[in-house]
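In what follows, a single structure is set out as C-alpha coordinates and then discussed.
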Amino acid sequence: RVAAGGTIVPLFVFDTRWFGPGAVDEFGAARTGKHRARFILEAVEDLRRGLLKLGAELVVSCGRPEGVVSAVCTAVGAKEVICQAEACYEEKAIEQAVQK
(Lines give C-alpha, C1' and ligand atoms only; values in the text may rest on other atoms or scores of the structure.)
Protein backbone atom coordinates (compact mmCIF):
# COMPACT_ATOMS: atom_id res chain seq x y z
CA ARG A 1 0.00 0.00 0.00
CA VAL A 2 2.79 2.41 0.82
CA ALA A 3 4.48 1.52 -2.46
CA ALA A 4 1.25 2.61 -4.16
CA GLY A 5 1.60 6.11 -2.78
CA GLY A 6 0.18 5.62 0.71
CA THR A 7 1.56 7.15 3.88
CA ILE A 8 2.34 5.44 7.16
CA VAL A 9 2.10 7.33 10.45
CA PRO A 10 3.91 5.27 13.13
CA LEU A 11 2.15 5.85 16.45
CA PHE A 12 2.74 4.71 20.03
CA VAL A 13 0.24 5.55 22.73
CA PHE A 14 1.06 5.37 26.44
CA ASP A 15 -2.37 4.34 27.69
CA THR A 16 -3.19 6.35 30.80
CA ARG A 17 -4.99 3.29 32.17
CA TRP A 18 -1.52 1.66 32.43
CA PHE A 19 0.85 4.61 32.87
CA GLY A 20 0.77 7.61 35.18
CA PRO A 21 -0.37 8.49 38.67
CA GLY A 22 -3.96 7.31 38.23
CA ALA A 23 -3.00 3.97 36.69
CA VAL A 24 -3.69 1.65 39.62
CA ASP A 25 -5.51 -1.66 39.93
CA GLU A 26 -8.44 -2.46 42.20
CA PHE A 27 -6.00 -2.92 45.11
CA GLY A 28 -4.30 0.44 44.62
CA ALA A 29 -1.08 -1.02 43.16
CA ALA A 30 0.56 0.59 40.14
CA ARG A 31 -0.54 -1.16 36.95
CA THR A 32 2.93 -0.71 35.48
CA GLY A 33 5.92 -1.13 37.76
CA LYS A 34 8.99 1.06 37.47
CA HIS A 35 11.14 -1.64 35.85
CA ARG A 36 8.52 -2.46 33.22
CA ALA A 37 7.92 1.24 32.59
CA ARG A 38 11.65 1.80 32.10
CA PHE A 39 11.83 -1.15 29.69
CA ILE A 40 8.90 0.17 27.65
CA LEU A 41 10.33 3.70 27.57
CA GLU A 42 13.66 2.35 26.32
CA ALA A 43 11.92 0.17 23.71
CA VAL A 44 9.88 3.11 22.41
CA GLU A 45 12.99 5.28 22.24
CA ASP A 46 14.80 2.51 20.33
CA LEU A 47 11.84 2.23 17.94
CA ARG A 48 11.89 6.01 17.45
CA ARG A 49 15.61 5.96 16.59
CA GLY A 50 15.15 3.03 14.21
CA LEU A 51 12.29 4.71 12.40
CA LEU A 52 14.26 7.96 12.11
CA LYS A 53 17.01 6.03 10.33
CA LEU A 54 14.35 4.96 7.83
CA GLY A 55 13.12 8.53 7.44
CA ALA A 56 9.95 8.15 9.54
CA GLU A 57 8.93 10.02 12.67
CA LEU A 58 7.31 8.09 15.52
CA VAL A 59 4.34 9.95 16.96
CA VAL A 60 4.22 9.34 20.72
CA SER A 61 1.16 10.29 22.71
CA CYS A 62 -0.46 9.72 26.11
CA GLY A 63 -4.14 9.04 26.55
CA ARG A 64 -6.69 6.37 25.77
CA PRO A 65 -5.72 4.66 22.51
CA GLU A 66 -9.28 4.63 21.16
CA GLY A 67 -9.36 8.44 21.39
CA VAL A 68 -5.78 9.11 20.33
CA VAL A 69 -5.89 6.80 17.30
CA SER A 70 -9.19 8.31 16.18
CA ALA A 71 -7.81 11.86 16.54
CA VAL A 72 -4.62 11.03 14.63
CA CYS A 73 -6.63 9.32 11.86
CA THR A 74 -8.84 12.38 11.54
CA ALA A 75 -5.84 14.73 11.55
CA VAL A 76 -4.01 12.88 8.76
CA GLY A 77 -7.04 11.64 6.83
CA ALA A 78 -6.21 7.98 7.41
CA LYS A 79 -8.48 5.38 5.88
CA GLU A 80 -6.96 2.33 7.56
CA VAL A 81 -5.33 1.45 10.89
CA ILE A 82 -2.93 -1.43 11.32
CA CYS A 83 -1.95 -2.35 14.85
CA GLN A 84 -0.58 -5.18 16.91
CA ALA A 85 -2.97 -7.84 18.18
CA GLU A 86 -3.31 -8.04 21.95
CA ALA A 87 -3.45 -11.25 23.97
CA CYS A 88 -4.86 -10.34 27.40
CA TYR A 89 -8.49 -9.60 28.29
CA GLU A 90 -8.16 -5.91 29.23
CA GLU A 91 -5.89 -5.14 26.29
CA LYS A 92 -8.25 -6.95 23.90
CA ALA A 93 -11.14 -4.77 25.16
CA ILE A 94 -9.06 -1.66 24.42
CA GLU A 95 -8.14 -3.05 20.97
CA GLN A 96 -11.86 -3.57 20.21
CA ALA A 97 -12.57 0.02 21.27
CA VAL A 98 -9.85 1.26 18.89
CA GLN A 99 -11.40 -0.74 16.03
CA LYS A 100 -14.73 1.07 16.48
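Contacts of Arg31 classified as salt bridge (Lys or Arg N to Asp or Glu O under 4.0 Å), with partners at least two apart in sequence or in another chain: Glu90. Val68 is linked by a side chain to side chain contact (heavy atoms under 4.5 Å, CB included) to Leu11, Val13, Ser61, Val72, counting only residues two or more places apart in sequence or in another chain.
Using a 4.5 Å cut-off between side-chain heavy atoms of Ile, Leu, Val, Met, Phe, Trp and Tyr, with links allowed through other members, Val24 and Trp18 fall into different hydrophobic clusters.
Under the side chain to side chain contact (heavy atoms under 4.5 Å, CB included) test applied with Ile40, the options Arg36, Arg38, Glu42 reduce to a single match, Arg36.
Put simply, the side chain of Ser70 never gets that close to the backbone of Glu66: no donor and acceptor are under 3.5 Å apart.
For the atom pair CG of Asp15 and CZ of Arg64, the computed distance is 7.0 Å after rounding to the nearest 0.5 Å. Separating the CG atom in Leu52 from the CG atom in Leu58 is a distance of 8.5 Å, to the nearest 0.5 Å.
For Pro65 against Arg17, the heavy-atom pair with the smallest separation is CD-NH2, 3.3 Å.
For residues 46-55, the pairs satisfying side chain to side chain donor-acceptor pair (under 3.5 Å) are Glu45-Arg48, Glu45-Arg49, with sequence neighbours left out.
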Step by step, work out the side chain to side chain contact (heavy atoms under 4.5 Å, CB included) result for Phe12 and Val59. CA-CA 6 Å; Phe12 185 91; Val59 176; over 6 Å; no

